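Below you'll find the structure, written out as C-alpha cells, and then a few comments.
Remember, predicted model here, so these are calculated numbers, not experimental data.
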Amino acid sequence: MLVYIGRRLVGMVPILLVVAVVIFMFLHLIPGDPARLIAGTEASLQDVENVRQSLGLDLPIWKQFWLFFSRAIQGDFGMSYRTHQPVFAMISERFWPTLELAFWSMIWAIVAGLALGVVAATRRGKWADNLAMFGSVTGISMPSFWLGLLLIELFAVQLGWLPSGGSGGFKYVILPAITLGSGVAAVIARFTRNSLLETLREDYVRTARAKGARERVVVWSHALRNALIPVVTMTGLQFGFLLGGSVVVEAVFTWPGMGRLLIDAVNFRDYPVIQAEMLLFALEFMVINMVVDVLYAVLNPQIRLDR
C-alpha cells in the first residue's frame, strides 16, 4: 500500500503542473488590469505602468509563469496585490475555518444521508421511502444561498436561537454547516438507497436471512458494509466539493474562510491569491481521491492496491 501511495504522490506533480498552466492562462484572460485597480482610477498612465513593473506584470507571459511555478513548488506563492501580505500566510489563516465548516457539513451530511438512504431502502415503495426521496430531491434542487437565507430568517431572525453569521463558537457553524451539507446529504441518501437495494438482492444476504438472522443484523452488519463502497467514492469527492465549493455559503454567513478570500481576490484581480487557492483545491481533490482508493481496501480486503 505504501508503494501505491508513493506512486500516487509522484503522479500528482505533472497534474499540478498542467493545472497551474490552465489557471495561469485563464487568469490572464479575465478582463481587468490589477495594476489599474491598485493604482486607482485617478492614477496616471505612468503610475499604472510603474505599478505593473513593480508587480512583474510587464514581463512576458512565459516568464511570469516560470517565476510563479518555480516559487510555488518551494512553498512561496508571493505577496498579495491587495494586502501586501504573504499569500501562504493568508491562506493558512483562512484554511482552518473552511476545513472546520467542511468537516461539520460532512458529518451532518453522512449521518443524515446514511439514515435516509437506509430507511428508504428497507422500506422501498412505502411512505417513508417516498418521503426520504422527496427530501433528497429537494436538497439537491434547492440553491445553497436560498436555503441559507431561509435558515437565517427562521432560526436567527424569527426564533433567535442561532447567530446569523460570523464565527466564534460551535453555534456559529451550525447554520452554515446545515446549508452546505444539505445537498451532499441528499446525494448520499440516493446513493445509499440504490447501493443497498442492490446489495440486499445478493445471495449471501438471502443466506443470512435463511439462517434466521434478524433483519436489523442483516442490513447493518452484512449488507451495508458492502453497499458503502460506491458511497465512499461519492462521499470523498463530495468532501472535495465542500472544501472548494463553500464560496457562496461563506458569503451568505460571512464565514471567514477561503471562499470569501477567493471572492475578494477575484474582485481585485489578486493573481497570487487566486492561483494559490486554485492549486490548493486541485491538490485537495487528488489527495481525497487517493484516500478514497485506500478506503476501498479497508472496506473490501479483496481489492488490491499494489497491482
Side-chain angles (χ1 to χ4, degrees), residues 5 8-30 65 68-83 85-107 109 143-145 173 176-177 179-181 183-184 187 232-253 255-295:
I5 295 175
R8 290 290 295 267
L9 292 176
V10 173
M12 292 179 185
V13 177
I15 298 177
L16 285 176
L17 176 59
V18 174
V19 171
V21 172
V22 173
I23 294 171
F24 188 86
M25 298 305 298
F26 177 76
L27 286 179
H28 285 77
L29 294 176
I30 298 178
F65 174 77
F68 157 70
F69 191 77
S70 61
R71 294 171 181 171
I73 60 178
Q74 304 176 41
D76 180 12
F77 294 99
M79 305 291 289
S80 168
Y81 294 167
R82 182 171 58 92
T83 64
Q85 297 178 356
V87 174
F88 184 83
M90 294 175 61
I91 292 180
S92 299
E93 181 182 356
R94 297 295 189 96
F95 177 76
W96 297 111
T98 296
L99 182 62
E100 178 188 6
L101 176 59
F103 173 79
W104 288 114
S105 300
M106 183 55 69
I107 293 296
S144 57
F145 72 90
V173 79
T179 302
L180 186 60
V184 179
V187 175
V232 166
T233 305
M234 184 277 307
T235 302
L237 295 176
Q238 290 296 320
F239 186 70
F241 283 114
L242 289 181
L243 286 171
S246 59
V247 177
V248 175
V249 175
E250 290 184 5
V252 171
F253 291 93
W255 186 262
M258 294 178 60
R260 289 188 60 198
L261 179 64
L262 182 60
I263 291 177
D264 295 338
V266 171
N267 290 334
F268 203 79
R269 306 300 187 271
D270 199 342
Y271 291 168
V273 175
I274 300 174
Q275 292 168 160
E277 286 210 42
M278 292 296 98
L279 278 178
L280 179 58
F281 291 151
L283 180 62
E284 288 170 355
F285 272 101
M286 288 186 287
V287 171
I288 289 172
N289 284 333
M290 182 183 66
V291 172
V292 168
D293 290 340
V294 173
L295 287 176

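Rounding to the nearest 0.5 Å places OG1 of Thr83 at 3.5 Å from CE of Met90. The distance from atom CG of Leu99 to atom CE of Met258, rounded to the nearest 0.5 Å, is 10.0 Å. Interatomic distance, CZ of Phe77 versus CG of Leu280, reported as 7.5 Å (0.5 Å rounding). To the nearest 0.5 Å, atom CG of residue Leu262 and atom CD of residue Glu277 are 4.5 Å apart. Of the inter-residue distances, the one linking Leu279 atom CG with Ile274 atom CD1 reads 12.0 Å to the nearest 0.5 angstrom.
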**Prompt:** Is there a side-chain contact (heavy atoms from CB on, under 4.5 Å) between Leu180 and Leu101 once you walk through the steps?
**Reply:** CA-CA 8 Å; Leu180 186 60; Leu101 176 59; 3.9 Å; yes

**Message:** As a quick check of understanding, evaluate side-chain contact (heavy atoms from CB on, under 4.5 Å) for Met278 and Val19, giving each step before the final call.
**Reply:** CA-CA 8 Å; Met278 292 296 98; Val19 171; 5.7 Å; no

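More than 12 heavy atoms of other residues, nucleotides or ligands shown are found within 6.0 angstrom of CZ on Phe65.
Across all their heavy atoms, Ala109 and Gly181 have their closest contact at CB-O, 3.5 Å. Nearest heavy-atom pair, Ile91 versus Val273, reported as atom, atom and distance to 0.1 Å: CD1-O, 4.5 Å. Minimum interatomic distance between Phe95 and Glu284 (heavy atoms only, all atoms of both residues): CE1-OE2, 3.3 Å. For the pair Val87 and Pro272, the tightest heavy-atom approach, listed with the atom from each and the gap, is CG2-CB, 3.7 Å. Looking at every heavy atom in both residues, Arg82 comes nearest to Leu261 through NH2-CD1, 3.9 Å. Looking at every heavy atom in both residues, Pro97 comes nearest to Gly257 through CB-CA, 4.2 Å.
The main-chain N or O of Val249 is never found under 3.5 Å from a side-chain atom of Trp255 such that the two would form a donor-acceptor pair.
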